[in-house]
Amino acid sequence: MSTPERITSPVPDYDPERVEREAQQYWDAQGTFEVSEDPEREKFYCLCMLPYPSGRLHIGHVRNYTIGDVIGRYQRMLGKNVLQPMGWDAFGLPAENAAIQNQVAPAQWTYANIDYMKAQLQRLGFGYDWSRELATCRPDYYRWEQWFFTRLMDKGLAYKKMAVVNWDPVEQTVLANEQVIEGRGWRSGALVERREIPQWFLKITDYAEELLAWVDRLDGWPDSVRTMQRNWIGRSEGVEIDFEIPGGEPLRVYTTRPDTLFGATYMAVAAEHPLAKHAAQADPAIARFVEECKRTNTAEAELERMEKLGMPLGIEAINPGNGERVPVWVANFVLMGYGTGAIMSVPAHDERDHAFALKYGLEIRQVIGPDDGTQIDVQAASWTSKDAMLTVNSGRFSGLDHRAAFDAIATHLEQQGKGERRVNYRLRDWGVSRQRYWGCPIPVIYDADGGQHPVAAEDLPVLLPEDVEFQGVNSPIKDDPAFIETVVPGSGEPGRRETDTFDTFVDSSWYYARYCCPGAETMLDERARYWLPVDQYIGGIEHAVLHLLYARFYYKAMRDEGLVDSDEPFTNLLTQGMVVAETYYRDEDGRRTFYNHTEVDVERDDKGAVTGAVLSADGQPVVVGGIEKMSKSKNNGVDPQQMIDRYGADTLRLFMMFASPPDQMLEWKDAGVEGASRFLRSLWRTVSRHAADPAPAASRPPSVEGAARDLRRKLHETIAKVSDDVGRRYKFNTAIAAIMELMNELGRFDASAPGDRTVEREVIDNVLLMLAPIVPHLAHALWQALGHERAIVECAWPEVDEAALVRDHLEVVVQVNGKLRGRVTVAADASQEDYRAAAIADENVQRHTAGKTIRKVIVVPGKLVNVVAA
RNA sequence: GCCGGGGUGGUGGAAUUGGUAGACACGCCAGACUCAAAAUCUGGUUCCCGCAAGGGAGUGCCGGUUCAAGUCCGGCCCUCGGUACCA
């Protein structure tokens with residue numbers, strides 16, 4: 001504890017606003033974070049997923065960017081040439097919603113948001129090279145996206161086909177899945193329909209095999225993300241089988257279970273399947289059913305959860321295994337977009353087929369069973385195992401295991417010309433067309449015959465008009481002759497522009513490469529080869545599949561275009577857990593309005609449990625909607641601005657890193673910031689007082705003893721732990737806790753012996769160095785106050801003094817039969833026998849072993865002794 | 001439905017390779033300082049029994065492996081994220 005007489009002069013209070021302004025001015029003036037390619041130094045590209053400019057930063061952004069900044073600044077202290085860029089994922093749906101609601105052009109709304117949020121990021125002191133800033137809605141960015149798409153068209157990797165969308169029949173517009181609530185359009189309240197329209201696709205499936213193979217080599221990625229990507233790609237080996245239809249084209253299905261062919265008792269096709277369409281023409285009941293199948297949105301989760309319904313088409317197909325005739329049904333759970341749009345149903349050995357068969361009284365026939373002869377009842381439940389099974393009731397294919405039956409039946413079908421082995425992927429081609437305004441225009445021109453022509457490179461970019469007014473909800477460029485009317489490249493004939501725009505995932509699939517070469521007059525240049533791949537990528541776990549898979553695909557496509565020379569874009573990935581928060585809403589006039597927690601008063605019972613909530617403005621109840629991911633649409637974001645204003649950026653940064661480990665979900669509550677603020681104020685006082693005293697001797701005495709030795713040991717143990725936590729484990733919360741423990745110990749240290757102040761100084765210097773990545777402004781100011789000439793941002797990460805870690809004695813715990821019964825101290829070099837003797841000699845151990853025989857003594861050196869007695 | 005996470009005190013979380021459950025904080029309680037408040041400092045704080053020493057229980061639920069299980073295995077429950085047009 002510091003004694004009062006040591007205060008030789010009053011020290012200024014911690015003023016975060018001033019400290020942070022001065023540090024930021026220093027970094028700006030020095031150009032600290034502006035970097036260039038330097039082949040002499042090891043590079044480190046540290047990247048956070050770029051934000052959507054929704055209006056204000058929310059707490060999830062602060063978490064994400066603080067993690068990135070801590071890693072970037074730490075790597076910088078290790079001497080690397082660190083690039084940290086920042087930009088804006090600026091196209092997207094919310095800008096159009098704002099436009100429709102507030103009569104403001106999406107561009108204007110977006111640019112205003114970018115300005116505001118950029119100022120917020122700068123206020124937080126992140127070490128970005130702002131000279132590389134980009135916004136995906138700027139023509140100098142999307143020009144190259146358009147150019148690359150025309151290259152993909154030339155290579156046949158971009159193509160057009162029919163695909164289903166959610167159609168709002170009242171608004172006469174396409175809806176995103178998010179805009180469909182309980183089957184109805186979120187504005188109109190109308191029942192949404194599925195509708196097929198022509199759309200552009202990228203052939204990501206051409207890369208399925210490579211994307212899958214490389215998942216195994218992404219050592220720097222979390223296993224959970226790798227598993228999710230593997231499952232998403234969903235490679236399967238199966239057989240395509242033709243079922244003859246008397247008087248018609250054969251019905252082709254794909255199955256991964258040809259071993260169950262003899263159990264196929266009915267077929268099911270999608271509502272959009274030609275067979276269903278044809279049958280609907282003749283039968284009004286089928287037509288009604290097919291029509292009914294359109295009354296659903298396109299989301300897989302919805303489709304899988306809805307009631308499985310079907311109708312017989314009055315058609316029969318011939319099972320090529322046994323020649324039996326089986327009925328063909330139309331079913332709402334079979335989708336045209338998957339496989340062939342038709343399946344063979346084996347109710348005995350597939351859960352969904354089983355449920356459907358029970359519902360409609362279809363035959364359930366067992367064709368596989370346990371290989372030990374155990375009887376199973378497939379009428380009661382499906383039996384789906386591939387292991388320890390044998391085929392039965394399968395003619396000459398009976399008595400085989402899964403692999404043998406698969407091969408024998410597949411070979412038989414191939415010989416008969418009725419089937420072929422096929423590798424299939426769950427992964428589907430990437431639909432990139434959006435029928436919306438605020439996105440990158442797809443650079444295609446149609447001639448009078450509907451022919452497709454990529455826009456010539458010299459005519460790019462196809463500019464999106466920014467000065468627009470929304471009439472209703474539809475994209476203003478869809479009926480804007482000035483945008484649409486053009487000439488066909490080459491022929492000079494009148495042509496019409498594509499009015500669809502790109503999925504915003506296209507924008508975010510290559511931005512990390514463009515950061516490397518700002519201003520380039522090509523898509524990428526040589527500079528990209530220096531910086532890529534990204535060494536550390538940090539972003540939300542919600543992007544585990546879509547964004548991260550699209551970006552991987554795009555990178556490989558860029559590689560094949562000769563633009564980059566590595567295979568994967570992100571060497572190491574840190575998936576940040578989401579910051580989630582309570583939602584509150586009301587349903588009025590068929591639309592749902594969400595309210596922010598700041599607009600709501602929560603009512604609790606005696607135990608603190610939430611019983612309900614009312615809107616502060618009118619005192620009327622709102623629905624407590626449950627905890628969800630923070631999002632603009634759910635209006636459950638937390639505004640970090642108040643905390644910046646009140647406590648400063650460093651306190652907020654420290655709190656965010658201390659609150660939980662980065663990969664864990666964080667349920668936001670406003671409490672706890674106070675502790676971070678208290679720690680920084682206390683640190684400020686301690687260091688300021690120390691700095692106000694005369695400087696201690698520069699070098700430490702050759703040996704320090706007693707309390708000073710213990711303190712030095714604690715210091716170097718802490719350096720070891722913090723280096724491991726920050727550099728390897730990404731556990732910033734425990735790193736901070738370790739530093740707090742060290743500071744608590746320093747607070748108890750009475751610096752009175754000669755050399756003590758030197759040790760105290762060693763602790764303070766190293767604490768500031770370790771905290772510099774997390775609270776860089778405060779570290780900068782205090783480092784300066786201690787009289788260091790070089791700014792802390794230019795200093796190296798501390799090193800562990802191994803000699804300081806040495807201990808003479810260790811305390812270990814003693815258990816009797818696994819229960820803690822005492823503690824003993826042993827010499828650091830104690831033998832197993834020493835441990836055993838010390839443990840058995842312990843008074844409490846004696847009491848618990850009295851009258852028993854000691855059977856075994858387990859010694860874990862340095863940790864514990866377990867005495868097993870009975 | 002399917003795929004991937006998570007569940008530990010009043011709260012956030014710690015326990016890194018199977019070895020002391022609850023580090024470090026928040027909150028709360030008591031005390032010091034103060035006319036008072038704020039700030040600061042000291043002590044206490046998983047639950048139950050006990051003056052204490054100490055004992056018992058305890059990491060979502062049920063069962064198992066082990067000298068030893070929050071951690072490993074089997075089966076459940078709840079919850080969050082993704083589910084291809086939110087980003």
Side-chain angles (χ1 to χ4, degrees), chain A residues 1 49 51-52 54 89 92-94 165-166 174-180 199 222-225 227-228 230-232 234 297-306 333 337 351-352 427-431 433-436 503-505 508 540-547 549-550 575 577-578 580 607-608 626-629 631-634 655 658-661 663-667 669 671-676 678-679 681-682 685 721 724-725 728-729 731 733-734 736-741 744 811-815 817-820 823 844 847 855-858 860 863-868:
Chain A
M1 180 170 38
M49 290 181 188
Y52 176 79
S54 56
D89 187 16
L93 202 50
V165 292
N166 302 309
V174 175
L175 297 178
N177 284 333
E178 190 187 52
Q179 297 172 311
V180 181
Q199 303 191 66
D223 287 339
S224 57
V225 175
T227 305
M228 279 190 265
R230 253 183 227 113
N231 292 338
W232 186 266
N297 72 22
T298 59
E300 187 194 282
E302 298 291 327
L303 294 168
E304 289 287 339
R305 270 197 299 257
M306 74 191 175
F333 59 87
E351 267 183 54
R352 192 173 57 183
L427 179 69
R428 312 197 299 261
D429 276 339
W430 176 13
S433 293
R434 296 294 179 269
Q435 296 68 44
R436 283 189 256 288
D503 176 8
T504 56
F505 276 128
S508 57
I541 183 67
E542 67 272 27
H543 296 293
V545 176
L546 291 182
H547 162 62
L549 194 62
Y550 291 144
T575 46
M578 258 157 306
V580 293
K607 291 169 185 163
I627 289 165
E628 289 191 63
K629 175 174 86 162
S631 71
K632 190 79 180 167
S633 58
K634 297 286 161 63
F655 172 62
F658 185 57
S660 72
D663 55 354
Q664 198 163 305
M665 186 182 70
L666 182 61
E667 193 178 311
K669 300 211 172 63
V673 194
E674 206 49 64
R678 198 174 296 166
F679 175 73
R681 286 200 305 268
S682 160
R685 269 194 309 274
K721 168 147 181 73
D724 189 45
D725 281 353
R728 181 182 65 87
R729 297 177 68 213
K731 296 271 187 187
N733 55 329
T734 52
I736 293 163
I739 295 169
M740 286 176 169
E741 276 187 66
N744 289 344
E811 189 182 67
V812 298
V813 298
V814 183
Q815 299 176 334
N817 293 331
K819 282 194 183 291
L820 179 66
R823 286 161 208 280
N844 209 32
R847 190 156 65 230
R855 307 265 185 218
K856 202 188 323 185
V857 177
I858 287 151
V860 184
K863 289 226 164 120
L864 64 68
V865 182
N866 188 13
V867 180
V868 183

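Numbers restart at 1 for each chain; the letters A, B, ... are given by sequence-line order, proteins then strands.
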How close do [X] and [Y] get, heavy atom to heavy atom, and via which atoms?
X       : Y       : value
Q179(A) : V174(A) : OE1-O, 4.3 Å
S660(A) : L666(A) : OG-CD1, 3.8 Å
G92(A)  : Y52(A)  : O-OH, 4.0 Å
T298(A) : L303(A) : O-CD1, 3.9 Å
I739(A) : F679(A) : CG2-CZ, 4.2 Å

Answer with yes or no whether the side chains of D89(A) and S508(A) bring together a donor and an acceptor at under 3.5 Å.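 Distance-only check fails for S508(A) and D89(A).
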Determine if the base of G9(B) is syn or anti; take syn to mean the glycosidic torsion is within 90° of 0. syn
Mind checking if [X] touches a base, just sugar-phosphate, or nothing, with heavy atoms under 4.0 Å?
X       : value
V868(A) : sugar-phosphate
K634(A) : nothing
V545(A) : nothing
E741(A) : sugar-phosphate
L93(A)  : sugar-phosphate
S433(A) : base
I739(A) : nothing
A676(A) : nothing
R352(A) : nothing
F679(A) : nothing
V673(A) : nothing
G431(A) : sugar-phosphate

Between [N] and [M], how far apart are the two [atom1] atoms, rounded to whole Å?
N      : M      : atom1 : value
G13(B) : C3(B)  : C1'   : 28 Å
U71(B) : C85(B) : C1'   : 42 Å
G81(B) : C86(B) : P     : 15 Å
U11(B) : C28(B) : C1'   : 11 Å
C61(B) : A69(B) : P     : 16 Å
G19(B) : A84(B) : C1'   : 46 Å
C33(B) : U42(B) : C1'   : 11 Å
U46(B) : G1(B)  : P     : 40 Å

For the residue pair Y550(A) and F505(A), categorise the inter-ring angle as parallel (less than 30°), tilted (30 to 60°) or perpendicular (more than 60°). tilted
Taking only side-chain nitrogens and oxygens of [X], does any of them come within less than 4.0 Å of OP1 or OP2 of [N]?
X       : N      : value
R681(A) : U40(B) : yes
N744(A) : A23(B) : no
R678(A) : G27(B) : yes

All N/O contacts under 3.5 Å from nucleotides 7-14 of chain B to the protein, with atom names and distances to one decimal?
unit_1: G12(B); atom_1: O2'; unit_2: A659(A); atom_2: O; d: 2.6
unit_1: G13(B); atom_1: OP1; unit_2: M665(A); atom_2: O; d: 3.4
unit_1: G13(B); atom_1: O3'; unit_2: N733(A); atom_2: ND2; d: 3.3
unit_1: A14(B); atom_1: OP1; unit_2: N733(A); atom_2: ND2; d: 3.0

Given that both distances must come in under 3.5 Å, which nucleotide forms a Watson-Crick or G-U wobble pair with [N]?
N      : answer
G74(B) : C62(B)
A32(B) : U40(B)
G22(B) : none
G4(B)  : C80(B)
A57(B) : U46(B)

Would you kindly compare G672(A) and H543(A) by the position of their nearest RNA chain B nucleotide and give the one closer to the 5′ end? G672(A)
Between D663(A) and M740(A), name the one whose nearest nucleotide on RNA chain B is closer to the 5' end.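 With D663(A) and M740(A) compared, the 5'-side residue is D663(A).
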What distance do T575(A) atom OG1 and Q664(A) atom CD have between them, rounded to the nearest 0.5 Å?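 The distance works out to 12.0 Å.
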Strictly distance-based, threshold 3.5 Å: is any side-chain N or O of S682(A) a donor or acceptor partner for the main-chain N or O of R678(A)? no
Backbone of I858(A) reached by a side-chain donor or acceptor of N866(A) within 3.5 Å: no
Regarding [N], can its base be found pairing with the side chain of [X] as donor and acceptor, where the two atoms are less than 3.5 Å apart?
X       : N      : result
E300(A) : G1(B)  : yes
R823(A) : U20(B) : yes
N177(A) : C85(B) : no
Q199(A) : C85(B) : yes
R855(A) : C67(B) : no
K819(A) : U20(B) : no

